[in-house]
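What you are looking at is a predicted structure, and each value in this text was computed from that prediction instead of being measured. Letters A, B, ... are given to chains in the order of the sequence lines, protein chains preceding strands, and every chain is numbered from 1.
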2 protein chains.
Amino acid sequence: MTITQLKYVLAVAEHQNFTKAAEKSFVTQPTLSMQIQKLEDELDILIFDRSKKPIQLTDIGLKIVNQARNIVNEADRIQDIVDQQKGFIGGEFKLGIIPTVTPTLLPMFLNNFIKKYTKVNLKIEELTTETIIEKLVDGHLDAAIAATPLENELIKKRVLYYEPFVGYINENDKLFNNKSLTIEDIDIDDMLLLDDGHCFKNSVINLCRVANPAERNSFQLESGSFETLIKLANEGLGMTLLPYLHTLDLKNAEEKYLREFEDPKPAREISLIFHKSELKMQIIEALQQTISGVIKGAIAFQNVEIISPIANK
Amino acid sequence: MTITQLKYVLAVAEHQNFTKAAEKSFVTQPTLSMQIQKLEDELDILIFDRSKKPIQLTDIGLKIVNQARNIVNEADRIQDIVDQQKGFIGGEFKLGIIPTVTPTLLPMFLNNFIKKYTKVNLKIEELTTETIIEKLVDGHLDAAIAATPLENELIKKRVLYYEPFVGYINENDKLFNNKSLTIEDIDIDDMLLLDDGHCFKNSVINLCRVANPAERNSFQLESGSFETLIKLANEGLGMTLLPYLHTLDLKNAEEKYLREFEDPKPAREISLIFHKSELKMQIIEALQQTISGVIKGAIAFQNVEIISPIANK
DNA sequence: ACTTTACATCAATAAAATCTATTGAATGAC
DNA sequence: GTCATTCAATAGATTTTATTGATGTAAAGT
């Protein structure tokens with residue numbers, strides 16, 4: 001049994017296809033086929049059921065794949081240990097970010113980071129929280145920026161900042177005359193929300209403490225971006241909630257529609273999350289430091305109440 | 001990096017000698033030397049400081065060795081998974097036993113076990129608790145039978161039985177006339193004890209609740225076996241405590257010297273202990289079942305108070 | 001029936017791991 | 001100071017292994 005063989009097995013398990021797995025492993029298909037056969041012979045079991053299309057794992061194959069992932073991860077950590085010893089911060093690093101954070105946070109720290117850590121080859125992907133968790137667990141992401149807490153025992157977090165929700169209220173709305181908001185003021189039926197899949201929508205619903213979000217009124221508007229929500233609100237179609245950082249980018253004319261909550265302000269917790277195995281921890285810590293550095297200038301300490309980003313059932 | 005290379009590194013780290021490590025790995029010394037050099041080149045670090053005699057690990061080398069042990073363990077578990085799937089119980093299994101358990105317990109279950117699990121190649125070693133813990137942690141033992149609790153976070157246990165302490169009291173002793181004993185009756189200064197290194201001695205001292213065992217009286221007798229202690233007690237040199245199973249082997253003439261404790265009887269907890277990684281768990285469970293089976297006929301459920309086998313400081 | 005897709009098989013080759021034999025450095029004995 | 005001895009490194013030969021490109025085969029799609 002070799003680490004190479006285990007990597008081939010993982011590739012086939014992932015792509016459910018020998019040919020594709022071979023390409024991704026930068027070898028020819030016979031090479032991969034033969035190595036996997038060799039491993040199957042050595043263990044005297046079948047890892048894959050080749051009669052099914054697409055190829056399926058056998059029962060024992062599933063267990064072996066899980067253990068193989070374990071082994072390959074632990075093997076990768078050797079390089080991590082060496083890098084750490086050398087103080088070397090570099091290599092490929094795959095970072096996921098949720099869409100409601102990207103436009104405001106990414107421009108704030110990205111330049112700083114890539115200038116400081118020139119040897120890190122950062123690959124950033126915008127993904128939903130759901131996808132991020134999947135990819136963190138199976139190793140396709142090294143870390144991600146998302147709203148927490150997540151209640152996933154395989155994932156650890158480092159909190160980056162707490163971002164209060166801010167009301168955006170058109171002058172036709174009765175709340176426009178209030179100086180500040182309380183949670184009790186908020187009516188989910190008047191709220192313009194992001195599309196399904198955005199955990200920001202879950203947070204807002206949780207903030208409103210609606211037992212069953214399916215029971216919302218008939219008239220609803222959902223959109224994929226805060227820009228659209230703001231325009232809809234400007235048209236008097238309802239109010240909306242924005243994350244604090246987003247309010248910094250508003251046009252002057254729009255700022256008068258903003259209403260902060262009273263303390264403790266409802267807020268979302270934005271964290272750097274990563275697999276509990278703590279692979280590439282040096283880079284994760286470098287990211288944390290860079291982001292914390294820039295965020296301190298933008299968000300002062302506030303008295304906040306954290307709203308969960310997880311959808312109720 | 002290959003698993004073979006990691007195994008070679010572990011062998012050198014253990015033996016602090018390339019030649020011996022090569023022998024134990026069943027390869028020639030140049031083979032091992034070159035593979036280790038290759039790994040060092042690949043990682044661009046030195047794992048061993050060859051200028052020191054005997055060979056020493058470098059700082060980074062130590063970290064790598066620890067991780068290598070991790071990886072090799074996880075790799076071994078693949079075979080475990082396969083065995084489990086096939087219901088195969090076999091292969092080499094190294095079991096440690098503490099000396100105060102061996103003579104009574106081993107004959108009770110050994111025959112049953114090797115008859116039932118003919119494919120297990122059982123290697124049994126009699127060792128002190130201290131050595132057992134070391135060898136469990138570094139993988140030189142697969143499991144062991146010892147007195148618990150041990151308070152070692154790397155080690156898990158499955159309790160096998162609770163074995164009461166039984167007083168063995170000569171007719172010249174004033175306690176001889178008591179029908180039963182209480183802990184308060186026991187005076188550590190009158191007690192014949194096993195040599196240092198036996199955890200049974202620690203248990204007895206803990207039982208007596210002596211704050212500082214160094215303050216014992218001048219006259220002390222310590223010996224390496226219960227047989228000697230019994231003979232010394234017969235000579236009127238003091239009383240002793242025996243583990244219950246040992247009392248079953250006494251000559252008829254000696255049985256009259258036995259005095260049980262009142263409930264809750266002080267007892268030692270004997271467990272099957274193993275590394276938390278749970279390697280070879282099928283065999284460990286097979287052992288547990290076999291031993292539990294035979295022990296049920298020998299030790300009825302009793303009202304006991306567990307005495308710790310760990311020496312006070 | 002023909003094409004496409006996908007994995008297995010085979011023979012050739014490139015790469016590697018391992019071996020035997022030898023060297024060189026360090027240590028200790030006389 | 002010379003001479004064994006020990007121990008790891010090195011060199012060269014050999015064997016083993018991984019990989020490749022070409023080919024075969026079975027199944028699914030058209």
Side-chain angles (χ1 to χ4, degrees), chain A residues 1-62 64-65 68 71-72 75-76 78-79, chain B residues 1-58 60-62 64-65 68 71-72 75 78-79:
Chain A
M1 180 174 63
T2 68
I3 295 173
T4 312
Q5 284 169 352
L6 296 177
K7 285 183 178 170
Y8 292 166
V9 168
L10 290 183
V12 175
E14 182 182 342
H15 298 101
Q16 299 192 313
N17 178 311
F18 276 61
T19 313
K20 269 186 202 158
E23 276 171 34
K24 296 281 177 180
S25 305
F26 307 105
V27 290
T28 58
Q29 169 263 318
T31 301
L32 185 133
S33 281
M34 290 182 92
Q35 286 307 312
I36 286 181
Q37 272 183 47
K38 237 185 105 178
L39 181 61
E40 288 180 326
D41 286 351
E42 182 186 332
L43 299 176
D44 193 28
I45 45 129
L46 279 179
I47 296 173
F48 298 103
D49 179 350
R50 296 157 171 82
S51 70
K52 298 236 177 72
K53 305 274 164 155
I55 271 185
Q56 289 290 305
L57 281 167
T58 59
D59 288 356
I60 178 75
L62 179 62
I64 286 178
V65 164
I71 296 169
V72 171
D76 284 346
I78 292 265
Q79 186 62 55
Chain B
M1 182 176 58
T2 67
I3 295 173
T4 311
Q5 286 169 350
L6 297 177
K7 284 184 178 170
Y8 292 165
V9 168
L10 290 182
V12 175
E14 182 181 345
H15 297 101
Q16 299 195 311
N17 179 310
F18 276 64
T19 314
K20 268 188 204 159
E23 275 172 33
K24 296 281 177 180
S25 306
F26 307 106
V27 290
T28 58
Q29 170 263 315
T31 301
L32 184 134
S33 282
M34 292 189 84
Q35 284 309 309
I36 287 181
Q37 273 183 43
K38 237 185 104 179
L39 182 60
E40 287 179 327
D41 287 351
E42 181 186 332
L43 299 176
D44 193 28
I45 45 130
L46 280 180
I47 297 172
F48 297 103
D49 180 351
R50 296 157 172 80
S51 70
K52 298 235 176 72
K53 305 270 162 157
I55 277 183
Q56 290 288 304
L57 280 168
T58 60
I60 177 77
L62 179 63
I64 286 177
V65 164
I71 296 169
V72 171
I78 292 265
Q79 186 62 56

Atom-pair distance ([atom1] on [X]; [atom2] on [N]), nearest Å:
X	N	atom1	atom2	result
Leu32(A)	dA6(C)	CG	C1'	13 Å
His15(A)	dC7(C)	NE2	P	12 Å
Gln35(B)	dT18(C)	CD	C1'	9 Å
Gln5(A)	dT19(D)	CD	C1'	13 Å
Phe18(A)	dA26(D)	CZ	C1'	15 Å
Glu23(A)	dT19(D)	CD	P	16 Å
Phe26(B)	dA17(C)	CZ	P	21 Å
Leu39(B)	dA16(C)	CG	C1'	15 Å

Secondary structure of DNA chain C per the Watson-Crick/G-U criterion (both distances under 3.5 Å; [ ] crossing, | other strand, . unpaired) is ||||||||||||||||||||||||||||||
Would you say [N] has OP1 or OP2 under 4.0 Å from some side-chain N or O of [X]?
X	N	answer
Ser33(A)	dA8(C)	yes
Arg50(B)	dA9(D)	yes
Gln37(A)	dT9(C)	yes
Thr19(B)	dA8(D)	yes
Lys38(A)	dT17(D)	no
Gln29(A)	dC7(C)	no

Under 4.0 Å between any heavy atoms, over every strand shown, what does Thr31(B) touch: base, sugar-phosphate, or nothing? Just pick one.
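It contacts base atoms.
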May I ask you to say what Tyr8(B) touches in the nucleic acid, namely base, sugar-phosphate or nothing, with a heavy-atom cut-off under 4.0 Å?
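Here Tyr8(B) touches the backbone only, sparing every base.
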For Gln16(A) and Gln56(A), what are the C-alpha separation, side-chain angles and deciding distance, and is it a side-chain contact (heavy atoms from CB on, under 4.5 Å)?
CA-CA 7 Å; Gln16(A) 299 192 313; Gln56(A) 289 290 305; 3.7 Å; yes
Residues, nucleotides or ligands: over 12 heavy atoms within 6.0 Å of Asp49(B) CG:
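Yes, the 6.0 Å shell around CG holds more than 12 heavy atoms from other groups.
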Contact nearer the 5' end of DNA chain C, comparing Asn17(A) with Met34(A)
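Residue closer to the 5' terminus by nearest nucleotide: Asn17(A).
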State which of dA8(C), dA21(C), dC7(D) makes the closest approach to the side chain of Pro30(B).
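Selected nucleotide: dA21(C).
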5' precedence on DNA chain D between Ser51(A) and Thr2(A) (nearest-nucleotide basis):
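The residue closer to the strand's 5' end, by nearest nucleotide, is Thr2(A).
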Report yes if the side chains of Phe18(B) and Arg50(B) come closer than 4.5 Å at any heavy-atom pair, otherwise no.
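Yes, side chains in contact.
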Can you find a pair of side-chain heavy atoms, one from Val12(A) and one from Asn17(A), that are under 4.5 Å apart?
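With C-beta onward as the side chain, the pair stays apart.
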Between Gln29(B) and Ser33(B): side-chain donor-acceptor atoms closer than 3.5 Å
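Judged by distance alone, the side chains do pair up.
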